[in-house]
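Each remark here refers to the structure printed beneath this line.
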2 protein chains.
Amino acid sequence: MITREDVAKRAGVSVSAVSRAMNGRGYVAKDKKEAIYKAVEELGYRPNPLSNSLKNRQTYQLCFFGSDIYNSFYKELFNKMSDYAMDRGYTLFYFSNFSVDRVKTMLMDGMIVENDSVAEEVQALLGESFYMPIVTASYGVPVKNLKRIPYVDVDTYDAVELGLAYLKEMGHKKIAFATLYDFFHDSRLHPRHVAFGNQMKPVYGKQFRDYVIDNARNTRPAFARENFFEEGMSGADRFLEQNCGATAIICFNDEFALGMLRRFEQLNIRVPEDISILGIDGIENRKYVTPFLSSVSLNIGEQAECCVSTLLDMIEGRKVNYFNSFKPYLSEGNSVKKL
Amino acid sequence: MITREDVAKRAGVSVSAVSRAMNGRGYVAKDKKEAIYKAVEELGYRPNPLSNSLKNRQTYQLCFFGSDIYNSFYKELFNKMSDYAMDRGYTLFYFSNFSVDRVKTMLMDGMIVENDSVAEEVQALLGESFYMPIVTASYGVPVKNLKRIPYVDVDTYDAVELGLAYLKEMGHKKIAFATLYDFFHDSRLHPRHVAFGNQMKPVYGKQFRDYVIDNARNTRPAFARENFFEEGMSGADRFLEQNCGATAIICFNDEFALGMLRRFEQLNIRVPEDISILGIDGIENRKYVTPFLSSVSLNIGEQAECCVSTLLDMIEGRKVNYFNSFKPYLSEGNSVKKL
DNA sequence: TTGTAGGCGTTATCAA
DNA sequence: TTGATAACGCCTACAA
């Protein structure tokens, strides 16, 4: 390995001169500077980033941990966080293989976790005494025992409320909710489910059940762990079977909604003429289909930026906001018809 | 930050005693050892991995670069590589945001690139003089000007040959090839396309075109960059339109084949009773559908392991094999019928 | 069995 | 304007 000492020798100067020349701080005579650059070039010298890191106790590397970034939402979140991190001079990496030992010795300045339940697990695994800046994304009803882990929340409960309000405003009275989970018995109660229940049970009364398109039976084994798109297609079929007479469907998320769109297209059921569809998430992909999917946007960009900047606040020693939240907002497309 | 010096002071010993006690090398008296452990505990001391890295010039971190790991094949490749890396004491990270400056100062021991054309780009971007161990995966006809970058190839040309031989063995005479690209005009000629052409043109003569189900027209804008599954569904429709009388279809890859399966299921066309389907890739997900998809496996596991171990050969200074290749093999399921 | 000292590759400080 | 020198935190001969 070539060090600044080799360069110094070749250029006939001292090591500190090389240092100064390389990073533009301090004074170096012009001719010496040139000699140094020449030596650097000839020797193919490049600074060892490890030494720098040791000096300023920073790696400028961040990591994102999640069990999967293989669905559109997390993929987009990760990509946007990567961009923000890069803007601030950091590189964001993704890893999925959590090993306590390796994580404790990772050369990373901090870590972002995909959601609050995973963050809780991570916290337990790492233990109290281990310190590493961590931030988590969350989606309503954040877990309570998150110690020293700030979260950046977008409330999916609000998202559903907002979606329902919008559909009503568009003249829809009978609105179904479609999800890939077991609406009534899912151990981890999704805020989205709760929101729909709270809003619509009083309206529908005993018939509430008819307006829930869920996957309690789950006959066909999923071909992938959580294939929202495919589940959405099946959801479309189940919606037709249930025949509840709804004029609009609000979907668990966008990818699920895209699956529904696709399935309805195959069945020659027109959206939004025959049925209105509203997604939740606001992923980019909703723009690339016909009709352009209307959705309640979860503000992926804001959340991504806030996760990164909060993490950098911790790392760079600024004041940290432990509770961050963003409001979902309506992102209109062409998949909802005004009645 | 707490250093081993603080611990030494508190435990009433020297810094080197702390070192020895911490990593079990050399001698430390029992009582001192305990005092040291106690001090470590009380102070919440933990070694700075940066110092270690500086000493032994290793970070034990690897990275995988690719434009997307969001399809089943690369996702599986990445996950398997992660596992192998972990077995060997390294952590594998993924990143997608290539910045020359950042990559040059990354705290990583080496890098794996998703395929040879991306590797070529990376090589050009980093330049001759910059040294970092790099390995690339490739899939037949590896790019020629890969300098000092070993590749781990699985030949998809062979895979198609193997698939065709198998289908013939099963009594199929009329075999179609389905792809999401433009079979005849795709600028980057896929070895898979070439293999099918070489094998079947002599057989079909002028009618060859009829047996190619491709996407030259590409009317509908893809909802995602390369959504193999969805393209497979459209492919099924196109196959029916073309009505070439084939009894079997060999697909560009498994995810595409899964899309076809799904679409045929919706149309009440039975696989393999009415039509036989053969995929290429051998991804795990093919097991979770009905019927279990038959496929020519690209040996993802072997390729993943070889990528990692070749990279570690470079990093740890062993002899490196620059040309590695694995043979595809047939992985039988239930989607091909014996005629 | 212990502690001192030198080195890993840098950069910042300070005296020359 | 320059070049020793002392850190950064750790490890390991080697001397005691």
Side-chain angles (χ1 to χ4, degrees), chain A residues 1-37 39-40 43-61 101 104-109 130-132 315 317, chain B residues 1-37 39-40 43-61 101 104-109 130-132 315 317:
Chain A
M1 173 175 254
I2 295 137
T3 72
R4 89 258 123 109
E5 202 167 340
D6 302 312
V7 177
K9 223 171 263 172
R10 188 177 190 109
V13 295
S14 74
V15 285
S16 35
V18 177
S19 236
R20 284 191 297 255
M22 291 293 288
N23 46 29
R25 301 157 160 284
Y27 303 94
V28 187
K30 215 166 195 178
D31 53 333
K32 303 218 172 190
K33 213 179 229 172
E34 274 161 22
I36 290 169
Y37 287 150
V40 165
L43 262 37
Y45 163 76
R46 58 180 209 86
N48 180 346
L50 236 19
S51 316
N52 275 318
S53 289
L54 179 61
K55 256 230 149 312
N56 44 236
R57 293 117 175 278
Q58 282 224 30
T59 64
Y60 297 98
Q61 302 193 144
D101 286 347
K104 285 193 174 176
T105 55
M106 251 177 354
L107 268 28
M108 294 281 158
D109 292 338
F130 179 80
Y131 176 74
M132 165 172 266
I315 291 168
Chain B
M1 172 176 259
I2 295 137
T3 73
R4 91 257 121 109
E5 201 166 343
D6 302 312
V7 177
K9 223 170 261 173
R10 189 176 189 111
V13 295
S14 76
V15 285
S16 43
V18 177
S19 242
R20 284 190 298 256
M22 292 291 289
N23 46 30
R25 300 158 161 283
Y27 304 95
V28 188
K30 214 164 197 179
D31 54 331
K32 302 217 173 188
K33 213 178 231 172
E34 275 161 22
I36 290 169
Y37 288 149
V40 165
L43 261 38
Y45 164 75
R46 58 179 211 88
N48 180 345
L50 236 21
S51 317
N52 276 316
S53 289
L54 179 61
K55 245 223 145 326
N56 43 235
R57 295 114 171 278
Q58 284 224 29
T59 63
Y60 296 99
Q61 303 194 144
D101 286 347
K104 285 193 174 176
T105 55
M106 251 181 347
L107 268 28
M108 294 281 160
D109 292 339
F130 179 79
Y131 175 73
M132 166 171 266
I315 291 169

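A quick note: this is a predicted structure, and the numbers were derived from the prediction, not measured. Naming convention: chains lettered A, B, ... in sequence-line order (proteins, then strands); numbering from 1 in each chain.
Straight-line distance from the CZ atom of B:Arg4 to the P atom of C:dA5: 14 Å, rounded to whole Å. In this entry the distance linking CG of B:Asn52 with P of D:dC8 reads 17 Å, nearest Å. Put simply, CG on A:Asn48 is 15 Å from C1' on D:dG9, counting in whole angstrom units. Atom CD1 in A:Ile36 sits roughly 14 Å away from atom P in D:dT1 (whole-Å rounding). Atom CG of B:Asp31 and atom P of C:dT2 are 7 Å apart (whole Å). The CG atom of B:Leu50 sits 11 Å away from the C1' atom of D:dC10 (whole-angstrom rounding). We find that CE of B:Met22 is positioned 8 Å from P of D:dC10, with the value rounded to whole Å. Rounded to a whole Å, the CD atom of B:Glu5 is 13 Å from the C1' atom of C:dT4.
At least one side-chain nitrogen or oxygen of A:Ser14 sits closer than 4.0 Å to the OP1 or OP2 atom of D:dG3.
Across all strands, B:Thr3 comes closer than 4.0 Å only to sugar-phosphate atoms, never to a base (heavy-atom distances). Using a 4.0 Å heavy-atom distance criterion, A:Asn23 is classed as a sugar-phosphate-only contact.
DNA chain C is contacted by both A:Met1 and B:Lys32; B:Lys32 maps to the nucleotide lying nearer its 5′ end (nearest heavy atom per residue).
Of the possible donor and acceptor atoms, one in the side chain of B:Asp6 sits under 3.5 Å from a partner among the backbone N and O of B:Thr3. In this structure, B:Tyr37 contributes its side chain and B:Ala21 its backbone to a donor-acceptor pair below 3.5 Å.
Looking at the side chain of B:Arg57, the nearest of the listed nucleotides C:dT11, D:dG9, C:dG9 is C:dG9. In this structure, the nucleotide among C:dA12, D:dA13, D:dC11 sitting nearest to the side chain of A:Ser16 is C:dA12. Closest to the side chain of A:Leu54, out of C:dT11, D:dC8, D:dC11, is D:dC8. Minimum atom distance to the side chain of A:Tyr27 is reached by D:dT2, of the listed D:dT2, D:dA7, C:dT1.
No more than 12 heavy atoms of other residues, nucleotides or ligands lie within 6.0 Å of NZ in A:Lys9, so this atom counts as exposed by the packing criterion. Within a 6.0 Å radius of OH in A:Tyr131, more than 12 heavy atoms belonging to other residues, nucleotides or ligands are found. The neighbour count for B:Tyr27 OH, taken as heavy atoms of other residues, nucleotides or ligands under 6.0 Å away, does not exceed 12.
Not a single donor-acceptor contact under 3.5 angstrom links the side-chain atoms of A:Lys55 to the base of C:dA12. The base of D:dG3 sits within donor-acceptor range of the side chain of A:Arg20, with an N or O pair under 3.5 Å.
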